[in-house]
Amino acid sequence: MQDVEPSAPSSVRTIDIINRRLNKRYRAEKRFKRLGLAAILSSLLFLGLLFTSIVSQGYSAFVQTYILLDIHFSRDAFDVSNLAGADYNGLIRKSLQSLFPEVRDRQEKRMLNGLVSSGAPFQIQKMVMSDTSMIGSTRSVWVPADDDVDMLMKGRIDRSAPEAERRLKDVQLGWIDGLRGDLRLKKKFNRIFFTSGDSREPELAGILGATMGSMYTLIVTLLLSFPVGVASAIYLEEFAPRNKWVDLIEVNINNLAAVPSIVFGLLGLAVFLNFFGLPRSAPLVGGLVLTLMTLPTIIIASRVSIQSVPPSIREAALGVGASKMQTVFHHVMPLAIPGMLTGTIIGMARALGESAPLLMIGMVAFIVDPPGGILEPATVLPVQIYLWADSPERAFVERTSAAIIVLLAFLMVMNAAAVFLRSRFERRW
Amino acid sequence: MNKMVRMEDNPVSREDRRTVGKPFSGSPRMICRNVNVFYGDKQAIQEVSIDIGRNEVLAMIGPSGCGKSTFLRCLNRMNDTIDNCRVTGEIRLDDMDIYDRKVDVVPLRARIGMVFQKPNPFPKSIYDNVAYGPKIHGLASTRRELDEIVETSLTKAGLWDEVKERLAQPGTGLSGGQQQRLCIARAIAVSPEVILMDEPCSALDPIATATIEELINELRTQYTIVIVTHNMQQAARVSQRTAYFHLGDLIEVGSTKRIFTNPIHPLTEDYITGRFG
Ligand SMILES: Nc1ncnc2c1ncn2[C@@H]1O[C@H](COP(=O)(O)OP(=O)(O)O)[C@@H](O)[C@H]1O
Ligand SMILES: [Mg+2]
């Protein structure tokens with residue numbers, strides 16, 4: 001410090017002042033870092049809690065209890081010209097009877113039959129119709145158990161509760177234990193959950209219907225909102241004249257992004273259903289409504305990514321004689337596409353999780369058959385979750401969580417797609 | 001206010017903003033008469049009249065913000081892209097009034113190329129950078145022809161030997177000086193008649209600058225070049241004629257040698273002797 005110019009004394013004082021404050025500055029920095037870390041950790045903790053609770057509730061829905069029955073397809077039970085009319089229920093009842101011949105009482109018989117799902121006859125019927133050669137033989141068939149049996153097997157029914165408060169009575173517990181001892185009761189992968197639509201019976205309810213509904217709805221949304229959104233963004237950014245009409249449009253696009261989604265549902269109800277007479281509950285209408293909701297997001301994201309393309313690239317293209325159109329499509333678009341895709345997928349993810357506007361246009365109906373197209377009645381995953389969460393049966397609780405797991409998996413796949421597409425498009429440059 | 005051009009030799013007052021020297025030439029490639037440029041209400045260029053000769057390098061110098069870039073961008077109508085910019089007066093390329101309603105800017109910009117202050121290669125391969133112009137104008141019908149155009153343009157820009165092994169690599173991966181030469185190659189790939197350069201070396205180091213200056217000297221035999229520079233030594237090295245701008249006025253035009261040794265206008269003298277700028 002001493003070997004500097006005559007002004008040294010004053011510069012020494014300056015450095016003292018700086019040093020004195022230095023500690024305070026570092027402390028503030030440390031404090032800030034710790035706060036940030038704490039914020040991230042607590043959000044991770046909540047995320048972990050959320051996932052743990054959903055997964056621990058829902059994982060058991062991916063397996064389902066089945067009962068092994070020896071069913072005798074006796075010839076006199078079938079009329080070959082009317083296979084569908086046969087008494088499949090009776091076949092099941094008979095095979096149960098042969099397992100527990102001691103059950104005589106009618107009341108008890110009904111309780112015994114209640115152990116098997118009411119969907120089992122349909123399964124048997126399908127089997128027979130696809131392979132008539134089994135008529136006359138006896139086959140061992142795994143049929144789904146009733147949801148109460150399933151819940152008991154998964155430990156969600158308390159055996160020690162007083163009989164009157166229990167869904168399964170003491171005799172039933174006895175039979176179940178008997179079946180278990182004979183290895184006739186087993187938890188298997190729950191194919192039904194992934195291959196069927198909704199049902200009043202939890203053991204027969206699946207998410208295929210809702211998943212298909214969500215897919216059709218999202219496809220409609222994507223096909224409409226991506227081209228329209230990107231084209232609007234390009235027009236507004238690159239071609240629109242600067243005047244008060246365009247300003248008005250811009251302000252309104254920003255306003256639309258903030259409109260609560262249920263309002264779009266009301267709009268869809270009034271316009272698409274009541275005015276245009278499109279079919280109620282159809283993915284087409286759901287897609288239209290979600291398009292209205294997603295468009296502002298896509299337009300805003302696309303405009304931002306167009307704006308972030310450096311003007312020097314535009315000048316370079318114009319400078320060699322590219323037309324406006326060529327400049328936009330050869331140079332601006334390729335650079336803006338990753339941002340546009342990100343915006344679109346964020347919008348799509350929001351649309352996938354949306355339920356309120358779809359309730360308005362009737363996508364909340366109880367629909368058993370998975371939709372085969374965009375005009376057939378359907379529901380979507382979040383609405384299905386809402387419906388199941390509202391059902392009283394104990395077995396729907398785990399199905400609700402399982403459906404949430406499926407929805408989250410879809411969201412993760414979509415986000416992964418966004419990341420993948422972005423990196424792919426960026427690598428080209 | 002139609003400004004006359006002074007010709008007589010008696011001393012010029014500092015306040016006189018009429019153009020002195022020799023703004024006109026015998027066989028001009030471009031003719032500019034009474035050009036005014038406005039940004040909204042603000043006038044950036046006032047009544048500029050000047051000729052740009054064939055196969056000459058015209059340097060435009062002047063303090064920052066005096067309107068050099070603005071005027072340069074009038075010459076290929078790049079100012080069209082600025083919303084509130086308005087140009088009046090007459091600018092001709094040979095016999096064509098480039099601000100005529102019927103003139104299409106696309107072929108015009110193919111005839112009058114431009115190199116910008118900051119090297120701005122497209123984020124594409126070196127090859128595609130040069131090939132882009134010929135492609136959109138349909139100058140090559142086969143891949144061979146296109147390859148040839150790319151090679152000659154890169155050779156003329158003095159870049160061929162440095163990049164011929166890596167034409168497929170991105171142009172943005174080159175050094176600053178190489179990028180600027182790539183931009184020059186991109187401009188000459190469409191065989192323009194005039195090349196406009198807006199401070200092409202201001203972002204480059206001295207060695208890259210020297211390379212580009214040499215290149216400009218060689219290109220002069222085939223192209224008419226207008227170069228904006230804030231570097232007076234550069235103007236002296238590369239140009240035959242020099243135009244001095246001051247706050248939107250064209251103050252003095254003359255042979256570069258004369259301007260730098262014997263300026264007529266006191267403002268020009270102030271600027272080249274370093275008293276102003
Ligand atoms: N896009 C624009 N909008 C409004 N004013 C501008 C614009 N570009 C340049 N100007 C103004 O025009 C004048 C000349 O600018 P410019 O031509 O860039 O000067 P130079 O290139 O000589 O430094 C400056 O006063 C500048 O502020
Ligand atoms: Mg400039």
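Note on naming: letters A, B, ... go to the chains in the order of the sequence lines (proteins, then strands), and numbering restarts at 1 for each one. Side chains are part of it too, since the values below use all heavy atoms of this structure and drop only hydrogens, waters and symmetry mates. Treat the numbers as computed from the prediction; the structure is a model and nothing was measured.
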Heavy atoms from other residues, nucleotides or ligands near [atom1] of [X] exceed 12 (cutoff 6.0 Å):
X        : atom1 : result
Asp41(B) : CG    : no
Phe32(A) : CZ    : no
Met96(B) : CE    : yes

Original post:
Nearest heavy-atom pair of Phe122(B) and Ala316(A): which atoms, and what distance?
Top reply: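 Closest approach of Phe122(B) to Ala316(A): CE2-CB, 3.7 Å.
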
**OP:** Considering non-hydrogen atoms only, spot the tightest contact between Leu318(A) and Arg109(B) and give its length.
**Re:**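 Residues Leu318(A) and Arg109(B), closest heavy atoms: O-CD, 3.0 Å.
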
**OP:** Hey, can you tell me if Tyr132(B) and His331(A) have their rings parallel, tilted or perpendicular (30° and 60° cut-offs)?
**Re:**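 Because their plane-to-plane angle is over 60°, the rings of Tyr132(B) and His331(A) count as perpendicular.
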
Which side-chain N or O atoms in residues 224-234 of chain A pair as donor and acceptor under 3.5 Å with protein atoms at least two apart or in another chain?
unit_1    : atom_1 : unit_2    : atom_2 : d
Ser225(A) : OG     : Thr221(A) : O      : 2.6
Ser232(A) : OG     : Val228(A) : O      : 2.5

Original post:
Can you say whether Pro107(B) sits under 4.5 Å from chain A via the side chain, the backbone, both, or neither, judging by heavy atoms?
Top reply: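 Nothing of Pro107(B), per the 4.5 Å heavy-atom cut-off to chain A.
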
Just how far is it from atom [atom1] of [X] to atom [atom2] of [Y], taken to the nearest 0.5 Å?
X         : Y         : atom1 : atom2 : value
Ile313(A) : Lys124(B) : CD1   : NZ    : 9.5 Å
Arg242(A) : Asp83(B)  : CZ    : CG    : 6.5 Å
Ile136(B) : Thr327(A) : CD1   : OG1   : 7.5 Å

**OP:** Quick one: do Lys118(B) and Glu315(A) satisfy salt bridge (charged side-chain N to carboxylate O under 4.0 Å, His left out)? Show the steps, please.
**Re:** CA-CA 11 Å; Lys118(B) 223 180 106 230; Glu315(A) 290 197 318; over 6 Å; no

Original post:
For His330(A) and Lys135(B), what are the C-alpha separation, side-chain angles and deciding distance, and is it a side chain to side chain contact (heavy atoms under 4.5 Å, CB included)?
Top reply: CA-CA 12 Å; His330(A) 297 167; Lys135(B) 251 192 231 162; over 6 Å; no

**OP:** Indicate yes or no: at least one non-hydrogen side-chain atom of Met114(B) is less than 4.5 angstrom from one of Val320(A).
**Re:**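 No; the side chains remain at least 4.5 Å from each other.
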
**OP:** For Asn120(B), enumerate each residue passing the side-chain hydrogen bond (donor to acceptor under 3.5 Å, both in side chains) test, keeping only those at least two apart in sequence or located in another chain.
**Re:**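 Per chain and number, Asn120(B) pairs via side-chain hydrogen bond (donor to acceptor under 3.5 Å, both in side chains) with Arg186(B).
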
